[in-house]
Student: 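Dropping the structure in here first, questions after.
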Amino acid sequence: MTAGDRNDVHPAWLPPEAFRALGARRTLVTGDGPLVETVYREVAQACASYGGGVRRSGSDDGGDPVDLVLALTSAGPLPAAAEEVAAGRRQRAGTLGAEGFLLARHCDVTVVLAEQPAGLLYGLFQVVRLGESAFGAGHPPRSHRPATRLRMLDHWDNVDVHPVMGQVERGYAGGSIFWRDGVRRDLSRVRDYGRLLAAVGVNAVSVNNVNVHATEARLLTDRLDDVAAIADVLRPYGIRVHLSVTFAAPVLLGGLPTADPLDERVRTWWAGTTRRVYERIPDFGGYVVKADSEGQPGPFSYGRSHADGANLLADALAPFSGVVHWRAFVYNHRQDWRDRTTDRARAAFDHFAPLDGRFRDNVILQVKHGPMDFQPREPVSPVIAAMPATRLAVEFQVTQEYTGQQRHVCYLGPWWSEVLRFGPWGDGGPTVAAVATGARDGGSPGGGLVAVSNVGDDPYWTGHPLAQANLYAFGRLAWDPGLDPVAVLDEWIDLTFPPPAAASATATAGSGPSETGGAGDHDLVRRTLHEIMDYSWRSYERYTAPLGVGFMVRPGTHYGPDVDGYEYTPWGTYHFADRDGVGVDRTRATGTGFTGQYPPPWSEVYESLDRCPDELLLFFHHVPYGHVLRSGTTVIQHIYDTHFAGVTEVAAIRRRWERLAALLDPALHARVAERLDEQLRCAEEWRDQVNTYFFRKSGVPDVHGRRIH
Ligand code: GCV
């Protein structure tokens with residue numbers, strides 16, 4: 001496959017075969033508007049491949065019987081089956097909302113009802129997901145509504161190619177799908193992207209890097225047409241476009257002497273600029289801002305707070321119902337490594353918790369899920385429990401900056417699910433998901449869920465074909481954080497690697513099991529992918545930095561091991577290993593006091609050496625190598641054991657992949673095989689560097705006498 005030829009772009013979770021059940025049926029679509037058009041087009045395309053039929057109607061127009069009705073309740077009289085379902089529904093209270101839908105099976109007709117067009121679109125993709133079972137018996141009417149209104153992907157894409165970072169900062173899948181010498185002339189991949197995202201429920205995309213360079217800054221003003229072009233393509237899929245802006249824009253673009261948020265000229269500039277954005281893009285979502293962070297300008301330069309900064313933009317956006325995503329990733333990246341009192345983990349809370357209640361309603365404070373920076377293991381950020389009067393969005397990283405850079409298979413659904421289900425006030429209390437969705441406050445809008453996208457112009461979208469599952473999982477968990485991540489993976493497998501087409505099907509082959517195989521082959525594909533992916537995040541954790549201490553990656557690239565790579569740098573990411581022990585003392589008793597940022601019970605649990613969970617021990621405590629973990633193993637032996645085990649697991653993954661050689665598209669198989677080879681090489685390097693480092697520091701031999709260099 002080559003990136004240049006669109007026909008060679010992998011269909012991800014929407015290959016033609018995923019529409020087989022739908023495409024073989026007779027469908028009636030009711031309603032009008034661009035999103036309903038999209039629904040109709042999708043069904044028509046499926047029918048063209050699989051022999052079914054689709055018609056449109058405002059009512060039951062006496063036509064042939066149908067198997068599926070996709071109906072907008074606001075679009076006049078409903079077809080008979082839909083009307084009966086709707087009547088049943090009207091007897092129950094509650095609405096479906098702007099994006100919800102009802103799915104029912106009534107008198108041999110599958111009915112999707114929605115109040116708004118977006119709901120119909122999401123209902124269509126639910127039918128696709130269900131496949132044949134959408135048309136079987138046993139579907140009690142069920143309402144589906146997204147848990148949160150904002151389900152967003154942030155792109156760290158630059159218009160220009162950055163000399164160090166490439167075009168996509170922390171991107172591992174080629175160049176940007178949006179930009180090449182300005183907006184791409186051919187936006188068909190953006191259209192396909194919108195379709196993939198709509199199928200998993202994502203409804204917002206920010207199209208440029210939060211580190212806003214000179215060219216990208218101008219997207220707000222004289223390059224706004226570029227943004228509008230992208231918005232036009234994503235709109236039919238229910239996706240709004242957002243833009244990362246620089247806080248210094250009034251100076252850089254407006255020629256003002258200041259960007260002080262309390263200066264009247266600055267306020268007027270933002271108001272006028274924002275009005276012009278909405279004149280051009282009426283459904284524009286809003287701004288994303290990284291301020292006073294890693295060199296980006298911000299309100300601190302003017303002695304103002306982040307509430308002052310965020311509210312400035314919020315006021316400009318408010319007349320148009322836009323929102324500002326203000327990132328809480330603010331810390332000192334010029335720290336003195338000798339000073340053990342400064343703790344980067346504390347920074348977001350220290351900056352933002354005192355500002356709770358001071359942000360406008362259309363400010364969404366976007367908080368990374370952990371206090372540091374998307375490590376394979378971190379505690380949940382204490383900010384999530386600290387700001388009850390602020391709309392919080394929780395930010396995940398789908399792009400695998402610290403989790404193998406899409407060269408390693410690392411299915412992150414289980415990790416995100418663990419975070420979303422975590423109770424910041426203790427087990428049984430409100431969860432992280434409840435804070436982000438607003439469920440905790442009984443109906444407040446919440447800030448939603450945001451993730452950094454892992455997509456580029458690579459033919460497989462994500463470099464590593466199996467990394468598509470992470471994008472899929474983020475969308476599904478954002479729609480419903482209660483979903484089981486393994487079940488989500490199962491959905492992804494069935495859609496992406498569908499069973500071979502039935503003999504009658506006329507669709508072109510996708511990337512699924514070969515035509516010669518049958519259900520048995522498909523079961524083998526599904527089983528093998530689960531064996532490879534279900535625990536891949538835990539395997540990754542085992543062969544990299546131990547017990548939650550984090551980093552130990554090569555500075556700059558963040559790929560591969562370098563145990564002391566960040567140890568004597570200004571970045572605030574240290575492990576403090578010496579001859580006696582390792583870990584960061586973040587206790588109140590003797591350390592940085594970070595544990596005190598948590599409410600009980602976690603403030604007590606993390607403070608206590610005995611109660612702190614093993615997997616986070618070195619995040620919170622500095623301990624001797626002989627310290628016995630709750631598991632019963634010493635810290636040093638745990639390091640050795642997990643690093644040997646992690647590599648053994650990767651070797652097993654590599655072998656399992658070979659089982660699928662004859663069952664999958666050869667190019668896809670080869671791409672994954674080549675990445676698994678690299679993963680194994682890199683995992684061995686991690687094992688040897690980490691084990692050797694700690695053996696040399698501690699002098700403690702492995703009790704099993706394995707080879708350590
Ligand atoms: C876009 C980390 C990454 C940066 C990224 C930053 C952020 O520091 O390494 O590339 O910048 O996080 O989230 O803003």
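Because the structure is predicted, anything quoted here is derived from the model rather than measured.
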Student: Nearest 0.5 angstrom please: L121 CG to E37 CD, how far?
Tutor: 12.5 Å
Student: Answer yes if the ring centres of Y122 and W479 are under 6.0 angstrom apart, and no otherwise.
Tutor: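 Ring centres of W479 and Y122 closer than 6.0 Å.
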Student: Short question: side chain of D308, backbone of R304 - any donor-acceptor pair under 3.5 Å?
Tutor: no
Student: Please determine whether side chain to side chain contact (heavy atoms under 4.5 Å, CB included) holds for the pair L355 and S305, giving the CA-CA distance in whole Å, both sets of side-chain angles, and the decisive distance to 0.1 Å.
Tutor: CA-CA 8 Å; L355 300 178; S305 75; 4.2 Å; yes
Student: So if I apply the ring-ring contact (aromatic ring centres under 6.0 Å, His included) rule between Y402 and each of F551, F374, W415, which one comes out positive?
Tutor: F551
Student: Under 6.0 Å from the ring centre and within 45 degrees of the ring axis: does the NZ or CZ of R340 meet both conditions for the six-membered ring of F576?
Tutor: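 Positive - R340 is close enough to the ring of F576 and near enough to its axis.
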Student: Do the ring planes of H213 and H162 sit parallel (below 30°), tilted (30 to 60°) or perpendicular (above 60°)?
Tutor: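 H213 and H162: tilted rings.
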Student: Hey, is the main chain of W269 close enough, under 3.5 Å, to the side chain of T273 for a donor-acceptor pair?
Tutor: yes
Student: Between Y331 and R344, is there a cation-pi geometry (under 6.0 Å to ring centre, at most 45° from the normal)?
Tutor: yes
Student: Rounded to the nearest 0.5 Å, what separates atom CG in N470 from atom OG1 in T462?
Tutor: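 N470 atom CG to T462 atom OG1 measures 8.5 Å (nearest 0.5 Å).
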Student: Before giving the answer on side-chain hydrogen bond (donor to acceptor under 3.5 Å, both in side chains), spell out for R191 and Y237 the whole-Å C-alpha distance, their side-chain angles and the decisive distance to 0.1 Å.
Tutor: CA-CA 8 Å; R191 193 197 75 92; Y237 295 96; 2.9 Å; yes
Student: Using side-chain hydrogen bond (donor to acceptor under 3.5 Å, both in side chains), reason through Q597 and D350 one step at a time and then give a plain yes or no.
Tutor: CA-CA 9 Å; Q597 294 186 340; D350 286 343; 3.2 Å; yes
Student: If you measure from the Lys or Arg side-chain nitrogens to the Asp or Glu carboxylate oxygens, is any gap between D260 and R265 under 4.0 Å?
Tutor: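 Answer for the salt bridge query: no.
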Student: Going by heavy atoms in the side chains, are T246 and L252 under 4.5 Å from each other?
Tutor: yes
Student: For R588 and E604, run salt bridge (charged side-chain N to carboxylate O under 4.0 Å, His left out): C-alpha distance rounded to whole Å, both residues' side-chain angles, the deciding distance at 0.1 Å, then the answer.
Tutor: CA-CA 10 Å; R588 302 189 287 290; E604 303 309 323; 3.2 Å; yes
Student: List the steps, then state whether side chain to side chain contact (heavy atoms under 4.5 Å, CB included) holds for V205 with M152.
Tutor: CA-CA 6 Å; V205 166; M152 176 166 177; over 6 Å; no
Student: As an exercise, state the distance from CZ of R170 to CG of N209, rounded to the nearest 0.5 Å.
Tutor: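 It is 10.0 Å, given to the nearest 0.5 Å.
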Student: Does NZ or CZ of R275 fall inside the cone over W270's six-membered ring, less than 6.0 Å from its centre and within 45° of the axis?
Tutor: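 No - R275 does not lie over the ring of W270 by the 6.0 Å and 45° rule.
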Student: Would you check if there is a donor-acceptor pair between the side chains of Q366 and D154 at a distance under 3.5 Å?
Tutor: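 Short answer, yes.
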Student: So, T569 and Y574: side-chain donor and acceptor under 3.5 Å apart, yes or no?
Tutor: no
Student: Looking at G463, is its backbone amide N or carbonyl O close enough to the side chain of D458 to form a donor-acceptor pair, meaning the two atoms are under 3.5 Å apart?
Tutor: yes
Student: Assess the side chains of Q400 and N454: does a donor N or O sit below 3.5 Å from an acceptor N or O?
Tutor: no
Student: Could you tell me the separation between the OG1 atom of T399 and the CD atom of Q406, rounded to the nearest 0.5 Å?
Tutor: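 Going from OG1 on T399 over to CD on Q406, the span is 4.5 Å.
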Student: Out of K368, R327, H369, which one pairs with E395 under the side chain to side chain donor-acceptor pair (under 3.5 Å) rule?
Tutor: R327
Student: To the closest 0.5 Å, what do you measure between CZ (F178) and CG (L234)?
Tutor: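 It comes to 6.0 Å.
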Student: Aromatic contact between W425 and Y598, with the criterion being ring centroids under 6.0 Å apart: yes or no?
Tutor: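 Between W425 and Y598, the centre distance exceeds or equals 6.0 Å.
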Student: Would the number of heavy atoms belonging to other residues, nucleotides or ligands and lying under 6.0 Å from CG of D181 be above 12?
Tutor: no
Student: Is there a donor in the side chain of S176 and an acceptor in the side chain of D157, or the other way round, less than 3.5 Å apart?
Tutor: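 The criterion, which ignores hydrogens and geometry beyond distance, is satisfied for D157 and S176.
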Student: Does any non-hydrogen side-chain atom of E115 lie less than 4.5 Å from one of L96?
Tutor: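 They are in contact (side-chain heavy atoms under 4.5 Å apart), so the answer is yes.
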Student: Anything under 30° is parallel, anything over 60° is perpendicular, the rest tilted; go ahead and classify H242 against F284.
Tutor: tilted
Student: Cation over ring, R586 on F619, under 6.0 Å and within 45°?
Tutor: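 Here R586 passes the 6.0 Å and 45° test against F619.
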Student: Hey, is E294 close enough to R334 for a salt bridge, meaning N to O under 4.0 Å?
Tutor: no
Student: Salt bridge or not between R184 and D186? Use side-chain N to carboxylate O under 4.0 Å.
Tutor: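 Salt bridge flag = no for D186 with R184.
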Student: Does E99 use its side chain to pair, donor to acceptor, with the backbone of R145 at less than 3.5 Å?
Tutor: no
Student: Side chains of Q167 and N158: any donor to acceptor distance under 3.5 Å?
Tutor: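 No - no donor-acceptor pair under 3.5 Å links their side chains.
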Student: Is the distance between the ring centroids of F300 and Y302 under 6.0 Å?
Tutor: no
Student: Pair L365, F352 - check side chain to side chain contact (heavy atoms under 4.5 Å, CB included), show working.
Tutor: CA-CA 9 Å; L365 189 68; F352 287 94; 3.6 Å; yes
Student: With a 3.5 Å distance limit and no angle check, can you tell me whether S301 reaches the backbone of P297 through a side-chain donor-acceptor pair?
Tutor: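 Judged by distance alone, no pair lies under 3.5 Å.
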Student: Would you check if there is a donor-acceptor pair between the side chains of T258 and D263 at a distance under 3.5 Å?
Tutor: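 Absent: no donor and acceptor within the cut-off.
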Student: So, H558 and E401: side-chain donor and acceptor under 3.5 Å apart, yes or no?
Tutor: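 Result is yes, a qualifying pair exists.
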Student: For residues Y287 and H325, establish whether the separation of their ring centroids is below 6.0 Å.
Tutor: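 For Y287 and H325, the ring centres are not under 6.0 Å apart.
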Student: Establish, for the pair R189 and W461, whether the NZ or CZ atom is under 6.0 angstrom from the six-membered ring centre and no further than 45 degrees off its axis.
Tutor: yes
Student: Please report the C-alpha distance between Y193 and S453 in whole Å, then the side-chain angles of each, then the deciding distance to 0.1 Å, and finally whether the side-chain hydrogen bond (donor to acceptor under 3.5 Å, both in side chains) criterion is met.
Tutor: CA-CA 11 Å; Y193 185 51; S453 179; 2.9 Å; yes
Student: Examine the side chains of H575 and D564 and answer whether a donor and an acceptor come within less than 3.5 Å of each other.
Tutor: yes
Student: Nearest 0.5 Å, what's the CZ-CG distance between R240 and N203?
Tutor: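 CG of N203 is found 8.5 Å from CZ of R240.
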Student: Tell me the closest heavy-atom pair linking G97 and Q116, and the distance in Å.
Tutor: O-CG, 4.0 Å
Student: Is there side-chain contact between R223 and V159, with heavy atoms separated by less than 4.5 Å?
Tutor: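 Yes, at least one pair of side-chain atoms sits under 4.5 Å.
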Student: Begin from the C-alpha positions of T341 and T592 and carry the test side chain to side chain contact (heavy atoms under 4.5 Å, CB included) through to its verdict.
Tutor: CA-CA 6 Å; T341 62; T592 68; over 6 Å; no
Student: Kindly say whether G482 contributes a backbone atom to a donor-acceptor pair with the side chain of R421 at under 3.5 angstrom?
Tutor: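 Yes, the answer is positive, given that a donor and an acceptor are paired below the 3.5 Å cut-off.
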Student: Within the 3.5 Å criterion, strictly below it, is a donor on H155 or N208 matched to an acceptor on the partner's side chain?
Tutor: no
